[in-house]
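Quick one: the structure is below, and I'll ask about it shortly.
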Amino acid sequence: MLNRLKWIMLAAFFSCVMLISGCAEKKQLEKLGLSTAVGYDLEKENHIRGTVVIHKFDPLAKNLTEIITVEANTSKTLRQKQNLETDQKLVSGQLRCVIYSKELAKKGIVQLVDALNRDPTIGNTVYLTVTDGKASTIMNMDKENQKIDLGTYLYNLIKQNVESEQLLLPTLFEFNHRYNDHGKDPVLPILRIKNGNVILSGVALFQDDRTVAELKGDNIFYLKILSDKFKSGTHEMGFDRSRFKKLIMNQEGNAFRTVYKKLFLNIDNIRSNTKIKLVDKKNLRFKVAIKLQSRLLEATEPLDLANPANIEYIEKVVGKEMEKEIKKLLIFFQKNKVDPIGIGNEYIAHNRGKMLTKKEWRDKYKDVKFDVHVQNTIVKTGVID
Amino acid sequence: MKVNLHPKESLLFNAFQLIFIIHSVQVGVGVVGLPKIVFLETKHDAWIVVFFAGVLTSVILWFMIVMLRQYDSADFYGIHVDVFGKWLGNFLSFGYIIYLIACFFVIFMNYTEIVQVWIFPKLPTWQLAFILILLAVYAVHGGIRVIVGVSFLSVIGTLWIILVLFVPLRYADFTHIYPIMNVDIKHMLKGIQRTSLSIMGFELIMFVYPFVKEKHRALLYVQIGNLFTTFTYTLVTFISIVFFAEDGLSKVIWPVISMLKIVRLPNLERFEFIAVSFWMLVILPNLCLYLWASSKGFSRIIKRTQKMGIWIIAIVAFGASFFVKARYQMNMVTDLVAKAGFYAAFCYPVVLSIIVYLKKWLARRKKSHVKSA
């Protein structure tokens with residue numbers, strides 16, 4: 001009796017599993033359009049224009065990607081409207097990259113990011129970017145010549161640059177983290193079209209969810225040093241030649257040409273360690289101590305590096321220059337009321353009692369003073385002296 | 001009803017298996033939301049509070065075992081009758097059975113909700129609930145030893161998820177945990193109370209105790225099981241705090257699953273799908289043990305077969321699943337059970353064990369008086 005009951009239950013259980021599993025929603029790959037990149041533009045007030053790049057799996061299709069642009073008020077309506085314009089069901093599980101136009105980013109993007117967070121099918125590692133012009137222009141660019149779809153291209157572009165440590169990680173997770181932290185602000189890369197190709201042209205600094213300033217070139221290097229430990233990244237610095245008079249070798253025989261007016265040094269940072277410490281709680285004085293280990297990659301004029309004293313001299317000059325630049329950068333952040341480095345977090349961590357709100361920290365941030373110390377060590381000079 | 005329960009030798013299990021029972025019944029559907037719930041009360045010191053809650057649990061477990069040792073081989077229902085008499089004792093037991101059924105209900109409903117939100121948004125609640133209940137009924141039909149086996153497999157089979165939790169640490173910001181101990185006593189106690197949904201389950205030791213073979217070693221293994229849970233919970237809460245930003249952690253509903261979203265394997269984009277599926281293995285022993293304990297009570301009080309109890313409870317729970325429709329209702333029910341759990345699992349056993357101890361002490365004194373007189 002007991003045995004029979006057992007068998008009946010087993011049979012019932014297995015038939016349940018088999019029958020009910022058919023009730024789940026089917027998703028056949030051929031019938032899906034995977035959106036790999038999404039772009040948002042501000043059309044007019046209350047209206048956004050959404051563009052989506054769709055990757056198809058149809059072997060008969062000539063173009064593997066399809067681009068659809070529609071207008072709506074929310075991002076999910078955009079998706080619905082986009083669905084009306086394609087023969088495949090749009091799904092966003094493979095979303096790689098989201099582009100916001102600068103116009104939109106200046107007004108605030110949190111409601112669009114919130115839609116990404118709320119959707120469980122969207123991963124945490126989606127890259128968020130800002131573009132100089134319109135998102136739709138980037139996405140409509142040069143459809144025929146593309147071998148891979150734009151989403152994957154952008155993904156590789158950003159990933160490659162993050163891995164070579166030129167860029168802060170711009171994932172959805174990182175954005176959320178910085179946006180939700182009381183003492184930290186988001187940073188996203190800026191995309192631009194150059195010669196028919198999408199390139200990274202800089203970094204947008206956010207105050208909460210609004211872009212307020214941009215960083216270009218050298219300053220990204222410093223931002224990266226200040227933000228986290230990082231392992232590689234080259235940096236070029238120009239100096240007046242007079243400061244290096246002693247070091248420049250007199251090369252007999254070689255005609256001494258001066259291509260540049262200044263002497264340029266290129267330094268490759270191997271390892272850096274940044275410590276931001278609150279030294280004076282009352283006067284809001286922070287000590288920013290940076291230890292760099294770097295490698296001299298290139299000098300536009302022959303320098304005598306065999307002498308240790310000379311290397312020490314270079315170390316000092318480079319360190320001083322960096323201090324100056326970093327200080328300038330920190331004041332630039334302060335002026336724009338953005339805190340991409342997380343100085344606020346450091347302050348909150350040392351402040352007992354009630355936690356500061358974002359606004360309270362912003363008020364305090366104005367009065368913060370910095371002492372910047374850079375300790376630069378040139379550990380290698382390449383294969384030659 | 002007899003106070004002491006003397007199961008057949010073949011139904012007993014070894015004391016060391018209590019490690020798996022206690023750990024697997026504690027870790028369940030509560031832990032995926034634990035960091036957020038405690039964080040709301042105690043902010044970034046949540047991990048310390050969770051640790052203290054674990055310590056408190058181990059004290060309560062000591063109380064329980066001391067109480068159980070006063071008897072030869074009694075379970076909770078027997079003790080009730082012994083202490084309060086037939087009517088009041090059975091009435092209290094009946095209340096406790098309702099609490100156990102409510103736990104059973106909340107576990108499978110919460111898991112169904114997680115599956116609906118993360119994997120199958122269109123899945124009707126009753127389908128998954130049906131399968132889960134059937135699975136639990138099937139296991140409980142096999143008796144206590146099968147359930148012990150289920151909890152053993154559950155612990156061994158899901159141990160590796162702890163290792164995966166170290167991946168989010170790469171993205172951690174350790175400034176979040178400072179300043180340490182910035183919480184006042186009031187919030188800390190509130191925080192400990194909020195851990196109840198995740199930590200409760202250990203009270204089932206009072207039901208399985210008669211089935212333990214080496215009863216004198218039960219305390220040790222129960223404590224090891226709880227220690228392991230405490231360690232896991234503290235770790236999970238700590239990682240959540242350094243991983244999420246302040247406002248971020250209070251927004252997400254299931255921080256542990258959201259955290260696993262960051263894990264990405266080369267051939268598997270979304271790890272949380274695996275985690276959610278594996279979570280069924282985590283909650284299965286919970287379902288089995290709660291169903292077993294409540295149906296045991298049914299058979300002890302009403303003196304019918306336990307199998308009848310199993311089916312009645314299963315049908316009642318399945319029927320109840322149709323009444324909960326929206327997220328906020330589920331939240332309400334879960335909160336209610338969590339609160340009930342705090343009193344039923346944390347407070348009541350301590351009170352009961354003090355009563356039992358006093359009663360036994362008085363009885364002993366009376367005896368010696370009689371002897372000396």
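Naming: A, B, ... by sequence-line order, numbering from 1 per chain. Treat the numbers as computed from the prediction; the structure is a model and nothing was measured.
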Segment of B/Ile180 engaging chain A (4.5 angstrom heavy-atom cut-off) =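 Answer is backbone: N, CA, C or O of B/Ile180 sit under 4.5 Å from chain A.
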Residue B/Ser250 versus chain A: region with a heavy atom under 4.5 Å |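 B/Ser250 has no heavy atom closer than 4.5 Å to chain A.
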Using a 4.5 Å cut-off on heavy atoms from C-beta on, say whether the side chain of B/Tyr171 contacts that of A/Thr171.
->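 They are not in side-chain contact.
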Atom pair CG/NZ of B/Asp173 and A/Lys184 - distance to nearest 0.5 Å |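 The NZ atom of A/Lys184 is 4.5 Å from CG of B/Asp173, to the nearest 0.5 Å.
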Using the test salt bridge (charged side-chain N to carboxylate O under 4.0 Å, His left out), find all partners of A/Asp280 that sit at least two apart in sequence or belong to another chain.
->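 Result, salt bridge (charged side-chain N to carboxylate O under 4.0 Å, His left out) vs A/Asp280: none returned.
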A/Lys6 side chain to B/Gly142 main-chain N or O, any donor-acceptor pair under 3.5 Å?
->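 Checking the backbone N and O of B/Gly142 against the side chain of A/Lys6, no donor-acceptor pair under 3.5 Å is found.
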Chain A-proximal positions within residues 270-286 of chain B [heavy-atom distance under 4.5 Å] =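 Those residues of residues 270-286 of chain B which have a heavy atom under 4.5 Å from chain A are B/Arg270, B/Glu272.
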Go through the atoms of B/Phe243 and report whether side chain, backbone, both or neither lie under 4.5 Å from a heavy atom of chain A.
->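 Both parts, backbone and side chain.
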Would you call A/Leu10 and B/Tyr138 a side-chain contact if the rule is heavy atoms closer than 4.5 Å?
->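 Result yes, sub-4.5 Å side-chain heavy-atom pair found.
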Residue among A/Ile122, A/Asn124, A/Thr125 satisfying side-chain contact (heavy atoms from CB on, under 4.5 Å) with B/Lys261 |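 Among the candidates, only A/Asn124 passes.
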Residue selection (most heavy-atom pairs with chain B, distance under 4.5 Å) from A/Asn117, A/Asp119, A/Asn351, A/Thr121 =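 So the answer, after comparing A/Asn117, A/Asp119, A/Asn351, A/Thr121, is A/Thr121.
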Got more than 12 heavy atoms from elsewhere within 6.0 Å of CZ, A/Arg352?
->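 Yes, because the 6.0 Å sphere around CZ of A/Arg352 holds more than 12 heavy atoms from other groups.
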Test applied, side-chain contact (heavy atoms from CB on, under 4.5 Å); reference residue, B/Thr175; option that passes from A/Asp181, A/Ile276, A/Asn345 =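 Only one of A/Asp181, A/Ile276, A/Asn345 forms a side-chain contact (heavy atoms from CB on, under 4.5 Å) with B/Thr175, namely A/Asn345.
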Do the side chains of B/Lys251 and A/Asn176 get nearer than 4.5 Å, heavy atoms only?
->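 No, their side chains stay 4.5 Å or more apart.
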If you look at every heavy atom in A/Pro120 and B/Trp118, which pair is closest and at what distance?
->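 In this case the closest contact between A/Pro120 and B/Trp118 is CB-CE3, 4.0 Å.
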Do B/His176 and A/His177 have side chains that get closer than 4.5 Å, going by heavy atoms?
->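 They are in contact (side-chain heavy atoms under 4.5 Å apart), so the answer is yes.
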Which atoms of A/Leu172 approach chain B - backbone, side chain, both or neither, heavy atom under 4.5 Å =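 When you check distances to chain B, no heavy atom of A/Leu172 falls under 4.5 Å.
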Within a reach of under 6.0 Å around CD1 of A/Ile8, are more than 12 heavy atoms found that belong to other residues, nucleotides or ligands?
->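 Yes.
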Could you check if a side-chain atom of A/Met9 sits within less than 4.5 angstrom of a side-chain atom of B/Val137, using non-hydrogen atoms only?
->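 Yes, close enough: below the 4.5 Å cut-off.
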More than 12 heavy atoms of other groups within 6.0 Å of B/Phe318 CZ =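 Counting neighbours around CZ of B/Phe318, more than 12 heavy atoms of other residues, nucleotides or ligands fall under 6.0 Å, so yes.
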For B/Arg304, does the CZ atom have more than 12 heavy-atom neighbours from other residues, nucleotides or ligands under 6.0 Å away?
->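 No, because the 6.0 Å sphere around CZ of B/Arg304 holds 12 heavy atoms or fewer from other groups.
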